[in-house]
There are 2 protein chains.
Amino acid sequence: MNEAYRSGCPINLTLEVLGDRWSLIVIRDIMFGNRRHFRELLQNSEESIASNILADRLKRLVERGLLSREDDPSHKQKGIYSLTEMSIRLVPIFAEMGAWGRRFMPVSEELSIRAQLLEEGGRPLWEDFMEELRVLHLHAPRDPAKPSVFDRLRAAYLEVVARNAAAADAAE
Amino acid sequence: MNEAYRSGCPINLTLEVLGDRWSLIVIRDIMFGNRRHFRELLQNSEESIASNILADRLKRLVERGLLSREDDPSHKQKGIYSLTEMSIRLVPIFAEMGAWGRRFMPVSEELSIRAQLLEEGGRPLWEDFMEELRVLHLHAPRDPAKPSVFDRLRAAYLEVVARNAAAADAAE
DNA sequence: TCAACTGCTTGCTTTTTGCAACTGGTTTAA
DNA sequence: TTAAACCAGTTGCAAAAAGCAAGCAGTTGA
């Protein structure tokens, strides 16, 4: 029982849970990449996370309520990691971090198009996206009339990838 | 020359600069506590940062453009640390982190009243606050008609402190 | 002149990160 | 039926970072 936090400041407490170089990366990949299995997170990792770090982070995030893990009925060894309400509510933080990174850091076009859409869409879009994540991860009922933010983000990303690939081909 | 970032993703790049347990704490204390000297940051630290870590973070943050340092004309040894436009633009991230921490972590009332005001004030308040930080840290011209967000945050904080101290006295 | 204060630095131990190889079990396809 | 590929991690070790306590030279104010 050593739940001794450094202080009761909300910024500090958020940092104590998420303030390392990998936790938010893992959540980002689950949230925006819809990667739900260990191998998916490991092998598609843009930043090349090591397997022991990934295992440790998944464990910690589950312990702290930011992820949940259940067995995949289709495969005895597979586990499915899902977001929780706690991590779904990180969407505004991701959106603000994406906006800040886009403004001040040397981002690549491909990997920042989604951040751009999220920034331009503002809070209403974030709310739609969070509602969608609840459907996907918390088995919440889905409103079939609403177009998917997730699909829009992915379509925009794939479009940039395709355009850049075509431009690269043309340049050869 | 090893500016080899892990990836060009804006979330990742933000994390590579700020994703550790102390950088944002230091910036928070300069931003919300208006601590501008080394000793102020060290001795008033709610989370008890060690002096070598503080020295290292200040150096890194200056190198990366998140802080600037100038000599204090009133004392040959004193340095004054200031925010830059880059760190002033972290206000929305701090506001969202504060809101998240308040919702999901065991925050103390005293240390979260400012986060509450920032959350309730929303983006217009954040903009006012950023403009004020520019006056304070970037020597930007000040609009004398505007009431200070900084003062309002501090007043709210001191009020909670005083109220709780009075309640503690009464309980004895 | 001397105590207190200034921004750090040093030396040391503990903890975390990172790398690479490996494990035991499961599924798939020949 | 059996071998190859896939599954979620583990293990052992080296390197880097964090944390702690003490110390330092220069500066200031009484």
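Computed over heavy atoms, backbone and side chain alike; hydrogens, waters and symmetry mates excluded. A quick note: this is a predicted structure, and the numbers were derived from the prediction, not measured. Quick note on labels: first sequence line is chain A, next is B, and so on, each numbered from 1.
Separating the CG atom of B:Leu42 from the C1' atom of C:dC8 is a distance of 10 Å, rounded to the nearest angstrom. Between the CG atom of B:Asp71 and the P atom of C:dT6 there is a distance of 16 Å, rounded to whole Å. Distance A:Leu41 CG to D:dC6 C1': 16 Å, rounded to the nearest Å. Here C:dT17 presents its P atom at 14 Å from CD1 of A:Ile25, a figure rounded to the nearest Å. At whole-Å resolution of the value, CD1 in A:Ile80 and P in D:dA8 are 10 Å apart. Per the geometry, CZ belonging to A:Arg36 stands 17 Å off C1' belonging to D:dA8, to the nearest Å. Whole-Å rounding puts the B:Glu16 CD to D:dA17 P distance at 13 Å. Protein atom CZ of A:Phe38 is 15 Å distant from nucleotide atom C1' of C:dG25, rounded to whole Å.
Taking a cutoff of 4.0 Å between a charged side-chain nitrogen and a carboxylate oxygen, A:Glu127 and A:Arg123 do not qualify as a salt bridge. A salt bridge does not link A:Arg28 to A:Glu46: none of the charged nitrogens lies less than 4.0 Å from a carboxylate oxygen. Taking the charged nitrogens against the carboxylate oxygens, A:Asp56 and A:Lys59 have no contact shorter than 4.0 Å, which rules out a salt bridge. Comment: B:Glu109 engages B:Arg163 in a salt bridge, judged by a side-chain N to carboxylate O separation of less than 4.0 angstrom. For B:Asp20 and B:Arg57, the salt-bridge test passes: some basic side-chain N is under 4.0 Å from an acidic carboxylate O. The pair A:Lys146-A:Glu131 fails the salt-bridge criterion, with no side-chain N (NZ, NE, NH1 or NH2) lying under 4.0 Å from an Asp/Glu carboxylate O.
Side-chain contact between B:His139 and B:Ser82: absent, with no pair of heavy atoms (C-beta onward) separated by less than 4.5 Å.
Although no hydrogens or angles enter the test, the distance criterion places a donor-acceptor pair under 3.5 Å between the side chain of A:Ser108 and the main chain of A:Leu111.
Cation-pi geometry between B:Arg36 and B:Tyr81 is not met at under 6.0 angstrom from the ring centre and within 45 degrees of the axis.
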Reading nucleotides 18-30 of chain D from the 5' end, what letters show protein touch, with B for base, S for backbone sugar-phosphate only, - for no heavy atom under 4.0 Å? SBB-B--BBSS--
Name the pairs: protein N/O against N/O of nucleotides 1-3 of chain C, kept only if under 3.5 Å.
none

